[in-house]
Every structure is written in C-alpha cells, then in structure tokens.
**Q** 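Handing you this structure, nothing more for now.
Each ligand, and each atom within it, is numbered from 1 in the order the structure gives.
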Amino acid sequence: MTDLTAPKLKAEILRHLTYTLGKDAAHASIYDWRMALSYAIRDQIMGPWFASTRKTWDTGHKRVYYLSMEFLIGRLLEDATINLGLRDIAEKAMAQLGQDFREIVEDEPDAALGNGGLGRLAACFMESMATLGCPAYGYGIRYEHGLFRQRFEDGRQVETPEDWLKERNPWEFDRPEASYTVAFKGHVEHRFGRDIWVPGETVLAEAHDTPVIGWQGRWGNTLRLWAARPTTMFDLERFNRGDYAAAAEPEALARTLSRVLYPDDTTYQGKELRLKQEYFLTSAALQDILRRFTTGGHAITDLPKHVAIQMNDTHPAIAGPELIRLLVDDHGLDFETALDTARACLGYTNHTLLPEALERWATFTFGNVLPRHMQIVERIDAWHKAKYPTRPHYVGIVKHQEVRMGELAFIMAHKVNGVSALHSELVKKNLFPELNALHPDRIVNQTNGVTPRRWLKMSNRPLSALITKTIGEGWEADLDRLRELEPHIKKKTFLKAFGAAKRENKVATAAWIAEHCGVTVSPDALFDVQIKRIHEYKRQLLNILETIARWHAIRQNPDADWVPRVKIFGGKSAPGYFVAKEIIHLINDVAKVANHDPVVGDRLKVVYPANYNVSMAEHLVPAADLSEQISTAGKEASGTGNMKFMINGAPTIGTLDGANVEILQEVGAENFFLFGLTAEQVVKRREDPEHSRHAIEASQELQDVLQMIAEGLFSPEDPGRYHALVHRVWHHDYFLVASDFASYLTAQAEVDRAYADRNRWLAMAAMNTARSGFFSSDRTIRSYMADIWSVQSAL
Ligand code: 26Y
C-alpha cells in the first residue's frame with residue numbers, strides 16, 4: 001500500500017489539474033476536479049500493476065483469460081481509492097481543496113457495458129482475481145454506447161442512448177501497438193492439401209487497457225477491451241475521385257462492430273451483427289493470447305499448462321473453433337491434437353436455462369459470416385459423434401440447419417459449470433442430459449459471489465465501521481470472519497448499533513428518493529426492495545399485485561396496526577419486451593394512485609426511480625430492509641443481488657430458486673421468508689391446464705386485485721390499458737403468479753409481524769450479515785482456480 005498523505009495527494013491533484021487538464025484551480029469545474037483526482041489515484045495503481053505483470057512473466061505463471069461480451073463495471077474512482085486504502089485521504093485532500101468528495105465521485109458516469117447479472121458477475125470476478133493474485137486478463141468489447149438510459153414518460157419506459165465516452169475516460173490506456181486483424185466472410189479454398197480461408201472483409205481490433213487493482217493494492221490485472229477500427233481509413237479510389245463522404249464509408253462500417261451493446265438478455269435474435277461482435281471479441285482475444293504465449297517460447301501443445309480460457313456463457317463460444325483454426329491453420333497442428341489442446345484450455349459457464357435465451361445460429365448465417373469455422377464446427381460434431389457412437393441421433397452441434405452454441409461450448413470445454421447448486425443440477429438434468437451421460441465429470445457447480453469491497457466496504461460505510469469496531473480489521477478479504485459477529489447479536493447494544501447503521505442509510509436514501517422521485521418516505525417504514533432486470537420470470541408482477549392487495553386492505557381498514565412500507569422497484573426492460581414494459585407501466589400507475597391516497601398516507605408508498613444501474617444499486621442495497629427474490633422456481637440461475645442484500649443485512653423474501661436455496665441454508669429458515677412452489681412442484685402444477693383459474697378462484701384477494709386492475713382503477717384515463725395483462729394472468733400464466741400469490745401474501749404478513757418486533761427483526765438482519773461469508777466472490781474465484789483453471793495465486 002502507498003504511504004501517500006492528504007497533503008501529498010493534494011499536491012498531486014493540483015499537478016494534474018495544471019499539467020494534465022490545463023486548468024487553473026480558480027476555474028476548475030467538478031469534471032476537472034474529478035479528472036485530476038482520478039489521474040492522481042491512477043498514478044498509485046501503476047506500481048503494483050506493473051509489478052504484477054512483470055512477476056507473471058518472470059515466473060512463467062499460468063494466466064486466466066476471462067472472455068465476456070459484458071463487463072458491468074459501474075464507477076471506478078471510489079472503488080480504486082478503497083482498494084488502495086486512500087478513500088479517507090482522498091476525501092480529506094479534496095476537502096482541503098474546497099471540494100466535496102461525494103459530489104466528485106458521483107460525477108463519474110457508470111461504465112454500463114453489460115445488461116445485468118452476467119456482466120456484473122464478470123466485474124466482481126475481475127476484482128476478486130486481482131485481490132487473490134490470480135494472474136488474469138478480462139477480454140471484452142469497448143462499446144461506445146453501453147446499456148441505454150431509461151426514462152419514464154407517463155409511466156412508460158423510454159430508451160435513450162448512453163454516452164459514457166463523451167467525456168474522457170481516465171482509467172483506460174490506448175494500446176495502438178496491440179491490434180489484430182479480424183476477418184469475416186469470403187470463402188475457403190482447398191490448396192496443397194490445406195484449407196485456406198480467403199476473407200471477404202477485415203477490421204482491426206485495437207486494445208484499450210484498464211487496470212484492475214485488488215484489495216490493498218497487492219496485485220493488479222488488466223481488463224482489455226477491443227475497439228473496432230477500419231483496416232483502411234479511406235476508399236482511395238473514391239477519395240481521389242473527390243467523393244469524400246462515400247470514401248469514408250468503410251471506416252463508419254468497421255466502427256459499427258463496437259458501437260453498441262445489445263440490450264437484450266432474454267430473447268435471443270439471430271442477428272448477423274451480434275455474431276460478428278462475438279467473433280470480433282473472441283478472435284482478437286485468442287490472437288492476443290497466442291502472441292503472448294509464443295513470446296514465452298513454449299511448445300504449442302503446452303498451451304494448457306500456461307493458459308486457462310473461461311467463456312462467460314456461449315457468447316464467446318466461437319473460441320473453440322477459432323482456437324482450433326489458429327492451431328491448425330497457423331501453427332500446423334493436426335485437427336485432433338488441436339482439438340484436445342483447445343479443450344484442455346477452455347471452460348464454459350452457463351447462466352441460463354430459458355430456452356429463448358439459448359444461442360443458435362442458422363447455418364446459412366454462420367457459414368456466410370464464418371465459412372472456415374462452419375467447416376471446423378462440422379468436423380468437431382462428426383469427431384464427437386464418431387468418438388461417442390452411443391450419442392442419440394437428436395443430439396449434436398449442428399441440427400435442423402442450426403449451430404447450437406450450448407452444445408458447441410459443452411463439447412469444446414473440459415469443464416462446464418452452472419452458477420448455483422440448484423442451477424447446476426438443472427443444467428445436468430434438463431439442459432444437457434445426454435451430453436452429461438456421455439461426460440459425467442464435466443459439469444460442476446460454482447456458486448456465484450459478489451465482491452465485499454464494493455458491495456459492503458465502499459457502499460455501506462456505517463455498517464462497515466460497525467463490523468470493524470466489533471470484530472476488528474481484515475474481514476474485507478476474509479468474509480467468513482463475519483461469523484464472529486454472531487455472539488454479539490445477543491447483545492442489546494450491538495443490535496442497537498446495527499439498527500442505527502441501517503437507519504443512517506435509510507435516512508440518506510429517503511432524501512435521495514425525495515430528490516429523484518418527488519415522494520416523501522419515512523425512514524422508519526420498512527424498505528422493501530426489488531431491483532433487477534424486468535422479466536416475467538422474476539415476477540415483479542407478483543410484487544405489484546401484492547402491493548395492490550395491501551393498498552386495498554389498508555383502505556378497507558385504515559385503523560388497523562399497519563407496518564408502514566415503502567415498495568421500491570428498479571430495473572430496465574429489453575426495449576422490445578412488450579409484456580415487461582406493461583408491467584413497468586402498471587407499477588408506475590399504481591405508484592401514482594397509492595402515493596396520493598390520503599386514506600393510506602404513510603402506510604404505503606411506491607417508488608420506481610428511473611434508470612437503475614450499478615450506482616443506484618450502491619445507494620439502495622445498504623438501505624434495504626427486505627430483499628425481494630421471488631422468481632418462479634427453476635428459472636433464476638443464481639441471482640447475485642440476493643447476495644448483496646444478505647451481506648448488507650436485509651433478510652430475503654423468496655422462493656427456492658437459484659442461490660436463494662444456499663442463502664436459506666446458510667442463514668436458517670428462521671431468518672428467511674420462504675414461500676412458493678418448488679422447481680419440481682412448478683413442473684407438476686403446469687400439468688393442470690387450469691392452474692391459474694383454480695388459484696384465482698381460491699383467493700378472494702387475488703380476484704379483487706385483478707378486478708380492480710381490469711376496471712381501470714389505476715388507469716382511469718385508459719381503463720382498458722391492462723386488459724391483456726389481466727387476461728394473461730387468468731389464461732396464460734406460465735410463470736405461476738396466480739399459483740404463488742396466496743403463499744406470497746402469507747409470507748408478507750409474516751414479514752410485517754417480524755418487523756413490528758424491533759429486536760427480533762434486528763437479530764434477523766444481523767444474522768443475515770453474519771452468515772453471508774460464503775457469498776464473497778473470493779470464495780467463488782478460489783474454487784474456479786482449483787477446480788477449473790488449475791492455477792495458483794502468484795502472491
Ligand atoms: C444472447 C443474449 C440474448 C443474452 C445476453 C445476455 C442472453 C443472456 C444474457 C445475460 C444473462 C444473465 O445475465 N444471466 C444471469 O446471470 C447471473 C450471473 O450468473 C445470474 O445470477 C442470473 O440468475 C442470470 O439470470
């Protein structure tokens with residue numbers, strides 16, 4: 001760690017303000033101060049970053065390469081100060097310069113290069129790999145536009161483009177010297193007994209490196225993002241003819257490859273540009289990996305001793321055929337040796353069972369964009385069929401004129417993993433049963449985790465301070481130590497302090513809500529939070545139906561002893577996901593009615609701040625009392641928000657789905673509000689074609705709620721607005737909202753009872769924090785290192 005003091009840092013900030021920004025302090029804006037501080041902090045990263053890279057080279061240490069189409073990073077400034085131990089020093093230095101550290105930190109735009117869980121997991125993994133001294137590179141795409149910004153217009157979601165690079169990005173280093181040609185299309189010629197790919201198009205992939213510094217600055221890795229550049233700037237023939245605008249076309253075309261993140265994480269569409277993006281990332285990464293490896297002077301068949309490549313879902317699954325292509329076409333290996341070598345390097349993580357999110361490419365598109373890879377894929381498939389003759393006829397990579405990326409990734413990986421215990425079992429049983437039977441040791445489980453540096457130390461300072469005061473330092477890198485809090489939970493003084501920390505966060509969030517939503521909420525109300533992408537399987541609809549039932553019940557009996565609640569929603573819908581957008585609209589309509597109801601008053605408020613992102617989660621998670629994890633069992637692969645809430649002392653109301661199962665196991669049934677059908681019961685329940693009608697007829701509350709919506713009580717200006725949505729619950733309720741409604745209501749009533757007993761609640765909340773150690777991504781990464789990557793810490 002550095003020995004930087006506040007006065008020294010202050011001098012460094014002023015130096016950067018003058019010499020890097022070219023600004024006089026008297027005229028500096030928040031932006032200028034943020035840049036100056038960022039550069040001063042970045043300087044502190046260089047030492048450990050270089051030392052780590054050098055050490056990896058000198059010792060010939062094995063490296064991990066994490067290939068992901070998404071890295072949902074959020075902001076970096078405060079995170080860097082936390083890991084360097086400079087957070088308070090930076091605050092002091094800025095104060096001495098007359099600047100407010102918080103205001104400066106919040107000026108940074110989120111790097112939103114991801115949709116949701118999968119992208120955020122990649123960011124947590126990068127931080128944990130750096131913390132553990134696991135030599136690693138993350139490879140991704142430097143999207144010019146990350147996930148769209150969300151606004152509400154009359155309660156409807158409206159998307160606008162995101163523009164994080166319009167300001168300078170102080171964290172990245174351009175590496176024009178590290179660039180590779182990526183080819184597409186064309187045809188394959190067979191000459192001299194070899195297959196030679198003659199491409200039809202090429203682009204350049206140019207590296208931009210962001211250092212990722214671990215806890216206490218002991219190790220630094222690199223996140224390398226590729227930007228697409230044209231191989232030729234101008235069409236010279238047109239340029240010389242004087243047709244300047246047309247001459248610049250190739251440039252514009254090449255750049256579209258890294259222009260924008262696909263904003264859908266649910267319904268897969270076989271778009272050619274998406275396939276090109278996936279190949280662009282993968283090919284550039286693999287060329288870079290092989291360049292680094294051959295510089296080391298090893299035999300090419302030793303690749304697996306030095307290189308582990310992890311595919312974050314199937315999005316980079318073209319890595320299998322691409323690595324074979326490079327090994328055969330460029331390094332002269334025979335096909336089978338190349339296949340074995342590639343497989344020994346590759347691992348595949350599955351993040352979803354939803355059939356509509358599984359990637360499949362029409363062989364026509366695939367063969368057109370990647371003709372050589374189409375040949376290789378067919379050869380892999382034939383090789384696998386020949387080697388495993390008992391493979392059923394309906395199993396394979398190429399079927400019904402489609403390339404199935406899941407099967408390709410499975411066959412080309414030495415290990416395949418799910419992301420929670422339940423999910424990994426379902427991957428075996430439902431997704432790849434036949435391949436699992438042929439390769440019984442290949443599928444393993446790696447339950448997700450989150451980094452406690454960002455998600456506790458940085459974002460929840462009151463609780464972090466209490467933890468350090470109670471059990472001492474060091475828990476940040478050894479989260480199991482939170483168990484030492486347990487004996488203190490019996491003490492009134494500790495519980496009081498725990499409650500005070502939570503209340504401090506809630507007061508801040510209440511002010512934030514007033515500012516962002518124009519709604520006044522009491523910090524003593526129960527903050528009930530559901531923040532995640534909007535999807536039918538995540539069942540925000542179930543939550544808003546319960547909200548309506550609660551509103552109705554309060555109106556029926558306003559003098560009863562209600563526990564005041566604030567229902568907080570956050571999340572974006574894929575732009576083309578019609579039903580999800582209707583659910584958003586309904587939540588906003590209900591908020592409008594409930595928040596202005598004088599009979600209800602403070603007993604119920606509904607807020608839905610727009611544009612949920614990583615930074616918003618950092619505000620909301622520490623202030624939450626209750627964590628909503630209510631997906632239809634069997635659908636949520638893991639969830640990682642659920643873990644963030646647990647660490648921050650918010651008990652879960654949830655189904656037996658994803659990592660909820662393991663949260664329940666760790667914290668015990670008495671500290672978890674369980675409800676709903678199990679994954680097995682869900683499958684059974686659907687066998688009754690009238691399951692939803694039966695459930696509705698059995699619940700007077702649900703009948704009333706659906707009736708009120710259908711009558712237009714929440715959309716008086718457009719009474720028919722939700723007819724289709726209500727019809728869906730009655731007749732096409734695939735996600736079993738109706739069937740789980742009664743059980744959810746019961747669990748919510750139990751939440752009210754528990755919250756009313758202040759000490760019971762605080763003990764539950766504290767128990768959640770104390771038992772959350774398992775959900776550190778350090779545990780997850782240690783497990784990948786041992787079970788999949790065979791790599792040791794270089795520290
Ligand atoms: C191909 C395209 C349609 C697509 C793009 C993004 C498909 C899926 C995705 C992203 C999926 C995702 O974020 N999955 C989530 O991964 C988390 C980390 O493992 C899990 O916690 C979460 O349950 C899962 O939904």
**Q** Answer yes if the side chains of Lys538 and Gln530 hold a donor-acceptor pair under 3.5 Å, and no otherwise.
**A**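 Lys538 vs Gln530: no donor-acceptor pair found between side chains.
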**Q** Any idea which of Ser631, Gly117, Gly639 brings a heavy atom closest to atom 20 (C) of ligand 1?
**A**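 It is Gly639 whose heavy atom sits nearest to atom 20 (C) of ligand 1.
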**Q** Are the side chains of Asp265 and Leu118 in touch, meaning some heavy atoms are under 4.5 Å apart?
**A**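 No - every pair of side-chain heavy atoms lies 4.5 Å or more apart.
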**Q** Does NZ or CZ of Lys276 fall inside the cone over Phe184's six-membered ring, less than 6.0 Å from its centre and within 45° of the axis?
**A**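 Checked: cation-pi criterion met.
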**Q** Which residue supplies the protein heavy atom nearest to atom 2 (C) of ligand 1, what is that atom called, and how far is it?
**A**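 Going by distance alone, atom 2 (C) of ligand 1 is nearest to Asp264 O, 3.8 Å.
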**Q** Nearest heavy atom to atom 11 (C) of ligand 1: which of Asn312, Leu118, Asn642 does it belong to?
**A**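 Among Asn312, Leu118, Asn642, the closest heavy atom to atom 11 (C) of ligand 1 belongs to Leu118.
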**Q** Report yes if some N/O of Lys538 lies less than 3.5 Å from some N/O of ligand 1; otherwise report no.
**A**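 No; the residue has no nitrogen or oxygen that sits under 3.5 Å from a nitrogen or oxygen of the ligand.
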**Q** Do the ring centers of His439 and Phe432 come within less than 6.0 Å of each other?
**A**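 No: the rings miss the under 6.0 Å criterion.
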**Q** Among all the protein's non-hydrogen atoms, which is closest to atom 23 (O) of ligand 1, and how far away is it?
**A**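 The answer is Glu636 OE1, 2.6 Å.
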**Q** With atoms numbered from 1 as shown, which atoms in ligand 1 lie under 4.0 angstrom from a non-hydrogen atom of Ala637?
**A**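 That gives atoms 23 (O) of ligand 1.
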**Q** Specify side chain, backbone, both or neither for Met69, according to which of its non-hydrogen atoms lie closer than 4.0 Å to ligand 1.
**A**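 Under 4.0 Å from ligand 1, Met69 contributes no heavy atoms.
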**Q** Could you tell me, atom by atom, which parts of ligand 1 come under 4.0 Å of a heavy atom of Glu70?
**A**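 Matching atoms, with element in brackets: 6 (C).
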**Q** Assess, by modelled atom type and distance only, whether the side chains of Glu662 and Thr447 contain a donor and an acceptor separated by less than 3.5 Å.
**A**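 Judged by distance alone, the side chains do pair up.
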**Q** Examine the proximity of ligand 1 to His315 and report which part, side chain or backbone, both or neither, has a heavy atom under 4.0 Å away.
**A**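 For His315, only side-chain atoms sit under 4.0 Å from ligand 1.
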**Q** Taking non-hydrogen atoms only, is Asp265 closer than 4.0 angstrom to ligand 1 via side chain, backbone, both or neither?
**A**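 Asp265 to ligand 1: contacts from backbone and side chain alike.
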**Q** Thr314 and side-chain hydrogen bond (donor to acceptor under 3.5 Å, both in side chains): which single residue from Arg404, Arg360, Glu278, Glu359 fits?
**A**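 So, applying the side-chain hydrogen bond (donor to acceptor under 3.5 Å, both in side chains) to Thr314 and each of Arg404, Arg360, Glu278, Glu359, only Glu359 qualifies.
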**Q** Enumerate the atoms of ligand 1 whose separation from the nearest heavy atom of Arg274 is less than 4.0 angstrom.
**A**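 Answer for ligand 1: 1 (C).
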**Q** Hey, mind stepping through Gln310 and Thr349 against side-chain hydrogen bond (donor to acceptor under 3.5 Å, both in side chains) and telling me if it holds?
**A** CA-CA 7 Å; Gln310 194 64 29; Thr349 305; 2.9 Å; yes
**Q** Does Arg343 have any side chain to side chain donor-acceptor pair (under 3.5 Å) partners at least two apart in sequence or in another chain, and if so, which?
**A**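 Listed in chain order: nothing, the list is empty.
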**Q** Heavy-atom contacts with Tyr537 under 4.0 Å: which atoms of ligand 1 show up? List them by number with element.
**A**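 Near Tyr537, meaning under 4.0 Å from one of its heavy atoms, ligand 1 has 25 (O).
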**Q** Between Phe569 and Ile583, is there a side-chain heavy-atom distance shorter than 4.5 Å?
**A**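 Ile583 vs Phe569: side chains apart.
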**Q** Starting from atom 24 (C) of ligand 1, what is the nearest protein heavy atom, named by residue and atom, and what distance separates them?
**A**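 Ranked first by proximity to atom 24 (C) of ligand 1 is His351 O, 3.6 Å.
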